[in-house]
Amino acid sequence: MKHHILIAGGGIGGMAAALALLNLGHDVDVYEQAPELKEFGAGVQISPNGTRALHALGVLDALRPLSCDTQRKEIRLWNTGRSWKLFDLGAEAIERYGFPYVTVFRPDLLKLLHDAVVARKPGAIHLGRRAVGVTQQDGRVTLMLEGSEMVHGDALIGADGVHSRIRHCVFGGDKPRFYGMIAWRGVIPMERVPREISRDKATNWIGVGGHVVHYPLRAGALMNFVGIMERSDWCLESWTERGTAQECMNDHRGWHKDVQALIAAAPELFKWALMGRDPLPRWTHEHVTLLGDACHPTLPMLAQGAVMAIEDAVILGRCFDKYGDVATALARYQDARIEVTTRKVIGANDNAVRFHNPALATEAGATAYVDREWSRDAIIRRYEWIFTYDVEAVAI
Ligand SMILES: Cc1cc2nc3c(=O)[nH]c(=O)nc-3n(C[C@H](O)[C@H](O)[C@H](O)COP(=O)(O)OP(=O)(O)OC[C@H]3O[C@@H](n4cnc5c(N)ncnc54)[C@H](O)[C@@H]3O)c2cc1C
């Protein structure tokens, strides 16, 4: 049975959902508030469970030339620069999980999903249309858009991000919690990155009160920089708020020269306050459901927010395919996803404490701490269940 499905929000999650549903022959319309489709210029890591989901959507092959296969993940100590191998990626990820671990420039991923959606339905994406309300009656959903326009469908997917209007309308308002951390973000042309900084790895610097992540993007043309620092004096959540190199340097005072060199090389730096919400006990109500950050916003410390949104999309499609009835499909989608996404949100919170730990103040303390927290067993316990999650095989 084919349905007409409305999606509020055209970010990575909304586009992935549109593609999953169009692939199965449903009719889809996406309403995105932005007047033009634009992703923030930053990187995103897609672990093997995420590339498996992109493969299921039919876009992984097109993504490969635009992404980087990082060869391994390493951790480095914030002040001395001492490094430890976290795990091998590259060929080993493909051998172990069947799919690669890639790093991608967000605008490239969004454009790829967008192009795949419009190839299947040219008029599917409606820009400059902000969702403001929703009602449902007799198995039909009405989405209200700013300017009094109303559109109707058989189901509504709220993929409208951490400040979701659909979540607010259907499940009530709650206040996002400020985690007391800000993320500094920059994308650096690779020719400006000092030679001694490795280009084929994802590096995770861990320290007291902060951590830094960098990895290559766009077939090695760019380096992504993220510095997450504990700071309670500033709490604006925005992808476009600029900061100065001086302020960023101040936040990384005492950090290794490689970190300072990356900050100095960044053409521009943005700062973003990390906000979150407690996991929801449910996110489907009859013919309306949520997807991605709208239902399970997360700290970035497990690098799974966008991956979860893409996985949600594939599972949502499978549920529509298996259960003809909309309410059943949306209920089963929620049931299939809620436990695994809640576990990841909690895992990311745990990593925040792990990455910013007082034990890392001295090299001796750090050695014992890293040996314990990043032992092979500990890594397998924390990551294996994530990387082996198979969107096409999990029970729905
Ligand atoms: C510093 C940092 C690093 C990260 N690194 C990673 C990583 O390495 N790997 C990973 O998997 N994840 C990562 N994430 C998380 C990831 O960015 C998010 O989880 C992901 O973008 C969520 O996608 P989404 O489509 O659900 O929401 P969004 O990307 O927020 O998209 C929501 C869309 O809805 C639109 N919208 C909002 N309100 C309305 C409305 N009322 N009407 C219509 N449209 C609306 C918005 O304009 C937007 O286009 C990171 C996040 C941060 C902050």
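Ligands are counted one by one from 1 in listed order, and the atoms in each one are counted from 1 as well. It should be emphasised that the depicted structure is a prediction, and the values quoted were computed from it without experimental measurement.
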message = Quick test of your reading of the structure: of Lys344, Met15, Gln33, His163, whose heavy atom lies closest to atom 43 (C) of ligand 1?
response = Gln33
request  = Identify whether the distance between the nearest side-chain nitrogen and carboxylate oxygen of Arg82 and Glu74 falls below 4.0 Å.
outcome  = no
ask   = If you measure from each non-hydrogen atom of Ala34 to ligand 1, which part falls under 4.0 Å: side chain, backbone, both or neither?
value = neither
Per-atom contacts of ligand 1 with Gly292, taking only distances under 4.0 Å to non-hydrogen atoms = 26 (O)
task = Please work out which of Ala202, Gly13, Gly50, Pro300 has its closest non-hydrogen atom nearest to atom 4 (C) of ligand 1.
result = Pro300
inquiry  = Would Arg382 and Trp374 count as a cation-pi pair here, with the cationic atom under 6.0 angstrom from the ring centre and within 45° of the axis?
reply    = yes
query = Got a sec: does the CD of Glu95 have more than 12 other heavy atoms crowding it under 6.0 Å?
reply = no
Part of Tyr31 within contact of ligand 1 (heavy atoms, under 4.0 Å) = backbone
inquiry  = Would Arg165 count as being in polar contact with ligand 1, using the rule that some N or O on each side must be under 3.5 angstrom apart?
reply    = no
query = So, is Ala131 polar-close to ligand 1, with some N/O to N/O distance under 3.5 Å?
reply = yes
request  = Mark yes or no for whether Asn204, through its side chain, and Val213, through its backbone, hold a donor-acceptor pair below 3.5 Å.
outcome  = no
ask   = Which atoms of ligand 1 are found less than 4.0 Å from any heavy atom of Ala159?
value = 32 (C), 33 (C), 34 (O)
Nearest candidate to atom 14 (N) of ligand 1, where distance is taken over non-hydrogen atoms, out of Gln45, Glu146, Arg106 = Arg106
ask   = Which ligand 1 atoms, with their elements, are less than 4.0 angstrom from a heavy-atom of Gly161?
value = 27 (O), 30 (O), 32 (C)
request  = For His214 and Phe225, indicate whether the former's side chain and the latter's backbone hold a donor-acceptor pair under 3.5 Å.
outcome  = no
ask   = With respect to His211, which candidate in Glu230, Arg354, His356 satisfies the side-chain hydrogen bond (donor to acceptor under 3.5 Å, both in side chains) definition?
value = His356
ask   = Taking NZ, NE, NH1 and NH2 as the nitrogens, is one of them in Arg242 or Glu247 under 4.0 Å from a carboxylate oxygen of the other?
value = no
message = Could you check whether any heavy atom of Arg129 sits closer than 4.0 Å to an atom of ligand 1, since that is the contact criterion I want to use?
response = yes
request  = Please work out which of the three classes, parallel, tilted or perpendicular, describes the rings of Trp255 and His252, given edges at 30° and 60°.
outcome  = perpendicular
query = Would you call Met308 and Val340 a side-chain contact if the rule is heavy atoms closer than 4.5 Å?
reply = no
request  = For Ile12, take its heavy atoms, then give the atoms of ligand 1 lying under 4.0 Å from any of them.
outcome  = 25 (O)
inquiry  = For ligand 1, which is the ligand I care about here, please tell me if Asp293 has any N or O atom under 3.5 Å from one of the ligand's N or O atoms.
reply    = yes
note = Checking heavy atoms under 4.0 Å, the part of Gln304 that sits near ligand 1 is backbone
ask   = Under a 4.0 Å heavy-atom limit, does Ala42 contact ligand 1 with its side chain, its backbone, both, or neither?
value = neither
query = With no hydrogens and no angle check, is any side-chain donor or acceptor of His26 less than 3.5 Å from a backbone partner on His3?
reply = yes
